[in-house]
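When a ligand or atom number is given, it counts from 1 through the structure's own listing order. Values below: every heavy atom of this structure, side chains too, minus hydrogens, waters and symmetry copies. This is a predicted model, so every value here is computed, not measured.
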Amino acid sequence: MPPANAAREILRRLHEVMASRTGAEAKLGQVVRIIAQALSSEVASIYLLRDGMLELYATQGLSQAAVHVTRLAMGQGLIGVIAATREPLNLAEAREHPDFAYRPETGEELYHSLAGVPIVRREAAIGVLAVQHREPRDYDDVEIEALQTVAMALSELIHGAGMVDDAEAARARATNTLPGRLQGLRLVDGLARGVAVFHQPRVIIEHTMADDVEAERNRVQTGFLRLRQQIDAMMGTAEFSAGGDHQEVLETYKMFAYDEGWLRRINEAIDTGLTAEAAIDRVQARTRARMRSIEDPYLRERLADLDDLANRLLRIVSGQLGTAAQMGLPGDTILLARNLGPAELLEYDRRFLKGVVLEEGSLTAHVTIVARAMGVPMLGRVPELFGQVSEGDELIVDAGNGMLLLRPQAAMIKGYTEMSEARARRAESFARLRDLPAVSRDGRRIEVMMNAGLADDTQALDQTGADGIGLFRTEFQFLVSATLPRRERQQALYKHVLDAAGDRPVVFRTVDIGGDKTVPYLSGGEDDENPAMGWRALRLALGRTGLMKVQARALLQAAAGRTLNVMFPMVSEPWEFAEAKALVEAQRALLARQGHPLPSRVAYGAMIEVPALIEVLDHLLPMTDFVSVGTNDLTQFLFAADRANPRLADRYDWLSPAILRVLRRIVRAAGAAGKPVTVCGEMGGRPLEALALLAIGIDRLSITPAGIGPVKAMVRSTDLAVITEAMQGWLDAPGSDVRACLSALASEQGIDLG
Ligand code: PEP
Ligand code: MG
């Protein structure tokens, strides 16, 4: 009988066995006889996990005296290796394999060849199904697949009969994988320990055997239709139409989603008697096996895309659609995703979210800024993450060292504990600085403010001793909301922030939506080929004045009786600033006419993020009360390097003379016009980068709350005059390696860089 037909025949007869009234053990006895007969093998055996050991439970062909006697540990003998690796073995000469462990009680010396596959439940091997032949022979792929199909069905039978419980499977999952480490890019510094949770959880397949083949085929067909609709819709949305990586991935997705060959293979698996879910999983396992054997990184990536898509199809077909955020986190969690949007991250419960690891990710993507604001360590650019980590694995994220530790053992855990204690001591020393001003050794007072965007962020004001909020990203409220936040909600948030800040200044930036911060209810830039340079921020706001007017009224009313600092993002030409200011002023006049109490003063600021604006500062500055440099965007536009592109994440240095010279020009122009200038991009939150900023004359920083202690410590240990003079020399000389020079001088001067 051809193996594919054999699998179908075995599954048909398994159905009968499952329906029969015999005991579970007797059923397994029948099963091995059926398998041996259908596959014409001399031996068929089933080993099951019991108390952590793989025990021979049923055999046709080996000595019956070995049943319940032959026991192997995970990883021991060929059976143990199959279970530990969860991979099939296919051997013409089993005894030549280095892991072969001879068990005389079985009488297996008569047999040369062996093919074995794991019996898997919920990603854990709960047993092994093996066949043996007297003559040395290689089993072909179709035979191995037939065994795998049967093993899937067995898993349901075994679980249904209560022969291996879920607790045993969970223990197996924990013990059948080895510790390891993966390298990545530090996106948000920090240290965290928890269990792996996939942002898009793996689907749990409860039923593997189907009664009605036609019904299962229909389910897959419908699933494919929905999958295709989803991919087509994704290709049309703003977030993905930017070209580059996403575009490429989506093109591949589309190709697979419309691939009739894939559907056909799934249908063939269904024809053997599997449910739609089990059939998709079966075909997916084949993809994964191929993925492991392919060297070419491009092809591997494409197969990873197919794997991703198969997960999506599984979610659709099984109806298990939610993200981990919607299902609730189990406890201390390390969240794993290929990539995330800022709004998706904000859905997670901060109390349990201890760390985030991404296959992609970059330093100034907004999801990174959100993670930083949430105080969650984040590691990015960890390739093949999902091939190495299973859900529920214990993990340690050591973002500072760009490291992810998998299934750590005692020594690693000890190292982690020591590191976290050292961090705690350092945090204590920062806490002691909380009420001390950031004054350099030579007496320069630096204002160190913090960036914020959510109501909860205001707690960090008192915890860190920040001098105020130098950038409040108002669009975060829009990102976390499913619908457009009404004026009342906006106003309540702004008032809450002002109340929390008390005497300390708060700078509200009007909505910066678009680019990588899209919200479903605000359309505008969906068709932009390059959203970062498209219909975003002030451009969108000036085009949708209704939105801007509502926000202006919310801000003006929230700040009644106090100073209101408003700042506009992505100003590209002075007239845009003038128009935005006029719009707010008009709302101020309107509210005054209506008799509403108003702010005692309104100060207007422009963000400097677009290089063109720097050429016309002489025109802009007189209209403003202050300016703030957004180095995240300014850097991406200066270098023409997408801030969200992981491949460019560490290509250009913030300490390059190009950036520092441009910033110095801004400082000089603002100084001449008598207007204060702040740097509010991510670079200011790193002590060495902050030191460079101070050395070119910046006196005000607005940074991530976690950076305040380290930056204060840096300022208080520095003689800024010395650094300023040296910086002048480096920037005036062409080709300086400012990072190297500054690091060397800082260490010579004993500056505390954390
Ligand atoms: C910036 O661009 O540096 C900035 C502070 O704004 P955002 O990161 O929100 O774009
Ligand atoms: Mg910006």
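Contact record, E682 with T631: N-OG1, 4.0 Å, taken as the closest heavy-atom pair. In terms of heavy-atom proximity, I666 sits nearest to L617 at CA-CD1, 4.0 Å. Closest of all the heavy-atom pairs between T624 and K675 is O-NZ, 2.7 Å. The shortest non-hydrogen separation linking A658 to F639 is CB-CZ, 4.5 Å.
Every atom of ligand 1 with a heavy atom of D512 under 4.0 Å away is listed here by number and element: 10 (O). Listed by number with element, the atoms of ligand 1 under 4.0 Å from a non-hydrogen atom of I369 are 8 (O). Of all the atoms in ligand 1, the ones that sit under 4.0 Å from a non-hydrogen atom of L471 are 5 (C). Distances below 4.0 Å separate heavy atoms of R643 from the following atoms of ligand 1: 2 (O), 7 (P), 8 (O), 10 (O). Applying the 4.0 Å criterion to heavy atoms of R473 picks out, from ligand 1, the atoms 4 (C), 5 (C), 6 (O), 7 (P), 8 (O), 9 (O).
Expressed to the nearest 10°, the angle at the Mg ion (ligand 2) joining OD2 in D633 with OE2 in E609 is 100°.
Between D633 and ligand 1, at least one pair of N/O atoms sits closer than 3.5 Å.
When the shell of 6.0 Å around CZ of R661 is examined, it contains more than 12 heavy atoms from other residues, nucleotides or ligands.
Look at R509 and you'll find a heavy atom under 4.0 Å from some atom of ligand 1.
Among protein heavy atoms, atom 2 (O) of ligand 1 sits closest to E609 OE2, 2.8 Å.
From R562, atom CZ reaches atom CG of L498 across 4.5 Å, with rounding to the nearest 0.5 Å.
A donor-acceptor pair shorter than 3.5 Å cannot be found between the side chains of T704 and N451.
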